[in-house]
Amino acid sequence: MKDHPGPDRSSSSGPGPDRPGPHVLVVGGGASGVLATAHILRSDPSARVTLVEPRDRIGLGLAYSTPDQNHLLNVRAGNMSALADDPRHFLDWLAGKGQDSSPDRFVSRRVYGEYLADLLSTGRAQRPARFRRVHGICTGLSENPAGIVASFDDGTVQLADHAILATGHSLPRPAADRAIQPAWDPIPSLPSDASVLILGTGLTMVDQVLSLLDSGFEGRILAISRRGLLPRAHRPTIPLRLGPQDVPFGAPMSALCRWLRSLAREAEGKGGTWRDAMDAVRPFVRRIWRSLPPVERARFLRHGQRWWDIHRHRMPPGSEARLLAAMADGQFTLLKGDVLQVHPAASGITARYRPYRKAATETLAATLAIDARGLRGRPTDSPLLAQLLDQGTARWDTLRIGLDIANDGSVIRADGTASPRLSAIGPVSRAAFWEITAIPDIREQAASLARRIVLGQVV
Ligand SMILES: Cc1cc2nc3c(=O)[nH]c(=O)nc-3n(CC(O)[C@H](O)[C@H](O)COP(=O)(O)OP(=O)(O)OC[C@H]3O[C@@H](n4cnc5c(N)ncnc54)[C@H](O)[C@@H]3O)c2cc1C
């Protein structure tokens with residue numbers, strides 16, 4: 001395990017005038033881990049953070065490690081500050097780098113990754129006694145009366161006062177025969193008469209189509225999902241103001257849908273679009289999700305999730321324009337159907353699929369199949385989370401979407417008690433909060449975790 005300079009002064013002592021502040025171990029150095037670290041270091045000058053990450057660069061994780069300039073953020077730059085109490089932080093960083101800092105821009109994810117990596121290269125993170133980066137994998141966590149003990153892949157262990165799981169998205173295991181290439185792998189160079197089948201029609205598919213077009217690929221691109229729904233595009237917005245008193249927390253899904261439609265009509269009546277209603281609801285989504293009983297959450301997952309995703313996670317207008325142009329000239333086609341099997345074939349792959357609302361299946365041939373069906377991994381695909389579930393340090397949520405997490409971010413143990421030493425942030429806490437994958441949501445969670453863990457405030 002490579003280690004950045006700085007003494008290892010693990011201790012279990014809490015903050016106090018004569019004692020060092022809490023020592024927090026952050027597991028995972030993607031966006032969530034970096035946001036958690038930054039908020040902790042800013043909250044308490046005596047706090048110490050050890051951040052564990054196997055990738056060479058911190059901050060990039062899955063979303064921001066793409067080298068492709070045309071893979072854009074799907075949130076405007078003005079709402080991408082990493083810091084909850086400094087909304088202009090990202091715009092100021094862009095300006096400092098001599099880049100266009102207009103708040104309505106959709107910046108490339110690669111540039112955003114540089115911003116996140118920079119976040120811990122200044123201020124308190126530069127003091128080795130405050131921040132230490134461990135280049136490795138955390139293989140185990142166990143609580144004892146003195147603190148929480150982390151084991152690493154090189155066999156060493158470390159004691160901390162608190163640990164935060166920021167292990168992010170669990171990627172699905174690739175197919176054994178590699179007939180379908182994961183969307184996260186680079187696209188191989190293809191002959192100009194090749195054809196590509198993309199499974200999935202969401203934002204990851206949009207990235208793949210843009211990468212193919214940028215590479216000069218002139219062959220046919222087919223994208224397939226059950227209903228062939230494309231993410232909607234961003235448009236200018238007219239903010240709609242909502243307060244907690246306006247939100248029907250705990251109402252059944254049917255009533256929530258009616259409420260959302262009436263908000264969209266209200267927005268349109270004021271000269272805006274349904275987007276203004278979606279944006280107004282966004283700050284309350286985590287509370288709405290927590291107020292739903294499991295049966296209503298399950299109803300949303302069955303009937304509402306896809307519709308929610310295409311309206312909530314929108315693509316930049318420039319990406320939409322390129323996609324529609326490729327569609328208009330016949331290079332890009334959307335198909336509706338369920339892919340049942342993909343087999344390797346002499347000239348690439350063959351896929352058997354059932355067209356939407358048809359009984360008979362059909363077959364497609366392509367040179368390459370790409371899996372862009374999103375992040376369908378299970379928590380147990382992460383050996384660390386599997387171990388926590390196995391030893392009872394964590395438990396599944398009722399619907400078995402992921403870990404059961406308390407409202408304040410604490411991990412709930414198998415016996416139903418909330419751990420005072422282990423918390424979760426970002427997508428790893430998705431089962432509990434649902435909308436906890438985008439930066440505007442994660443930075444709020446990071447700020448409240450820092451207040452609770454470091455300053456001991458009830459959140
Ligand atoms: C393709 C894509 C595009 C997105 N675009 C946007 C956008 O435009 N705007 C927006 O707001 N949000 C966007 N998001 C959402 C978003 O910002 C991510 O969800 C966010 O990056 C989550 O970061 P993370 O650190 O939790 O997870 P990850 O990026 O998955 O990082 C987790 C890290 O933990 C490490 N790790 C895992 N297990 C261990 C272990 N046992 N020990 C040590 N380290 C470990 C991994 O190596 C990894 O680096 C996008 C997401 C994706 C996938």
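Because only heavy atoms are used, hydrogens play no part in the values below, and waters and symmetry mates are left out as well, while side chains stay in. Computed from a predicted structure; not experimentally measured. All ligand and atom numbering here is 1-based and tracks the order in the structure.
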Participant: Return the set of residues passing side chain to side chain contact (heavy atoms under 4.5 Å, CB included) with L210 (not counting sequence neighbours), or none when no residue passes.
Facilitator: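 For L210 the side chain to side chain contact (heavy atoms under 4.5 Å, CB included) partners, ignoring immediate neighbours, are V206, S319, R322.
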
Participant: Not counting sequence neighbours, list each pair that qualifies as a ring-ring contact (aromatic ring centres under 6.0 Å, His included) and has a residue in residues 219-238.
Facilitator: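 Those involving residues 219-238 are F106-H234.
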
Participant: Going by an N to O cut-off under 4.0 Å, is there a salt bridge joining D279 and R314?
Facilitator: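 Yes, charged N to carboxylate O under 4.0 Å.
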
Participant: Run the salt-bridge test on R297 and D397 with the 4.0 Å N-O cut-off and return the result as yes or no.
Facilitator: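 D397 and R297: not salt-bridged.
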
Participant: Name all residues meeting the side chain to side chain donor-acceptor pair (under 3.5 Å) criterion together with T66; count only those two or more places apart in sequence or in a different chain, and write none if there are none.
Facilitator: H71

Participant: Could you give the N/O to N/O pairs under 3.5 Å linking ligand 1 and the protein, each with its distance?
Facilitator:
residue  : atom   : partner : partner atom : Å
ligand 1 : 8 (O)  : N74     : N            : 2.6
ligand 1 : 8 (O)  : N74     : OD1          : 3.2
ligand 1 : 11 (O) : I439    : N            : 2.8
ligand 1 : 12 (N) : Y64     : OH           : 3.3
ligand 1 : 17 (O) : Y64     : OH           : 2.6
ligand 1 : 17 (O) : T437    : O            : 3.4
ligand 1 : 19 (O) : H169    : NE2          : 2.9
ligand 1 : 19 (O) : T437    : O            : 2.8
ligand 1 : 25 (O) : A31     : N            : 3.1
ligand 1 : 25 (O) : S32     : N            : 3.0
ligand 1 : 26 (O) : S32     : OG           : 2.5
ligand 1 : 29 (O) : L62     : N            : 2.8
ligand 1 : 30 (O) : H169    : N            : 3.2
ligand 1 : 41 (N) : C138    : O            : 2.9
ligand 1 : 42 (N) : C138    : N            : 2.9
ligand 1 : 47 (O) : E53     : OE1          : 3.4
ligand 1 : 47 (O) : E53     : OE2          : 2.8
ligand 1 : 49 (O) : E53     : OE1          : 2.8
ligand 1 : 49 (O) : E53     : OE2          : 3.0
ligand 1 : 49 (O) : R55     : NE           : 3.1

Participant: So is R287 actually on top of W289's ring, under 6.0 Å and inside 45° of the axis?
Facilitator: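 The answer is no, since R287 fails at least one limit relative to W289.
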
